[in-house]
Amino acid sequence: MLTQIYASDRKPGYYLYVPKDANLQDLPEALIKPLGALRKSLLLMITPAQNLANADPVKVLESLAERGFYLQLPPKDDPLEALYS
C-alpha cells in the first residue's frame with residue numbers, strides 16, 4: 001500500500017501513517033490535535049515482507065485497512081541502558 005508518513009512537530013518520535021490519498025481532516029480530532037502540526041516525512045510503498053525501522057509492516061497494513069491510519073510511537077527507552085552507558 002502506498003503510504004504517506006507524517007512526523008509530529010509537537011511530539012518527537014511520533015509518526016502518522018495514512019494511505020497516500022487520505023484526507024487528514026477525516027481522521028479523529030482526538031488523534032490529530034495532540035500531534036500538533038504534521039509535516040510530510042516519507043512516501044513509502046509498504047508490503048507485508050518489508051522491513052520497517054520501528055514498526056511491524058503487517059500491523060501497519062492491518063491498522064491502515066481497519067482504521068485508516070497507524071500511529072507509530074517512539075521506542076521506549078531501556079531503563080537498564082543508563083546503567084551500562
Separation between CD1 (Ile46) and CG (Leu2), nearest 0.5 Å, reads 9.0 Å

**Request:** May I ask whether Leu73 and Leu44 are part of the same hydrophobic cluster, defined by side-chain heavy atoms of I, L, V, M, F, W, Y residues being less than 4.5 angstrom apart, directly or through others?
**Result:** no

(message) If only side-chain N and O atoms count, and only distance matters, is there a donor-acceptor pair under 3.5 Å linking Tyr17 with Gln72?
(response) yes

Here the pair of heavy atoms bringing Met45 nearest to Gln50 is O-OE1, 2.6 Å

Closest non-hydrogen contact found for Leu43 with Lys20 is CD1-CG, 3.8 Å

Without swapping roles, check the side chain of Arg67 against the backbone of Glu62 for a donor-acceptor pair under 3.5 Å. no

Closest non-hydrogen atoms of Val18 and Gly68, given as atom of the first, atom of the second and distance, are CG1-O, 3.9 Å

Rounded to the nearest 0.5 angstrom, the CG-CG distance for Leu31 and Leu16 is 5.5 Å

Taking Leu52 as the starting point, is it possible to reach Ile5 by hopping between hydrophobic residues whose side chains are less than 4.5 Å apart?
yes

Margin query: Check whether Ser41 reaches the backbone of Tyr6 with its side chain - one donor and one acceptor, N or O, closer than 3.5 Å.
Written below: no

Practice prompt. Say whether, by atom type as modelled, one donor and one acceptor occur between the side chain of Thr3 and the main chain of Pro19 under 3.5 angstrom.
Written response: no

Hey, does the side chain of Glu66 reach the backbone of Ser63 with a donor-acceptor pair shorter than 3.5 angstrom?
no

Shortest non-hydrogen pair, Pro57 vs Pro48, comes out as CG-O, 3.4 Å

Heavy-atom nearest pair, Ser8 first then Leu38, reads CA-CD2, 3.9 Å

query = When hydrophobic residues are tied together by side-chain contacts of less than 4.5 Å, even through go-betweens, does Tyr70 share a cluster with Leu27?
reply = no

Joint cluster assignment, Leu61 & Tyr15, ILVMFWY side-chain distance < 4.5 Å
yes

I'd like to know if the side chain of Gln4 reaches the main chain of Leu42, judged simply by a donor and an acceptor atom lying under 3.5 Å from each other, with no hydrogens or angles considered. yes

Report task. Say whether Leu71 and Leu64 are linked into one hydrophobic cluster, either directly or through other cluster members, by side-chain heavy-atom distances under 4.5 angstrom. Result -> no

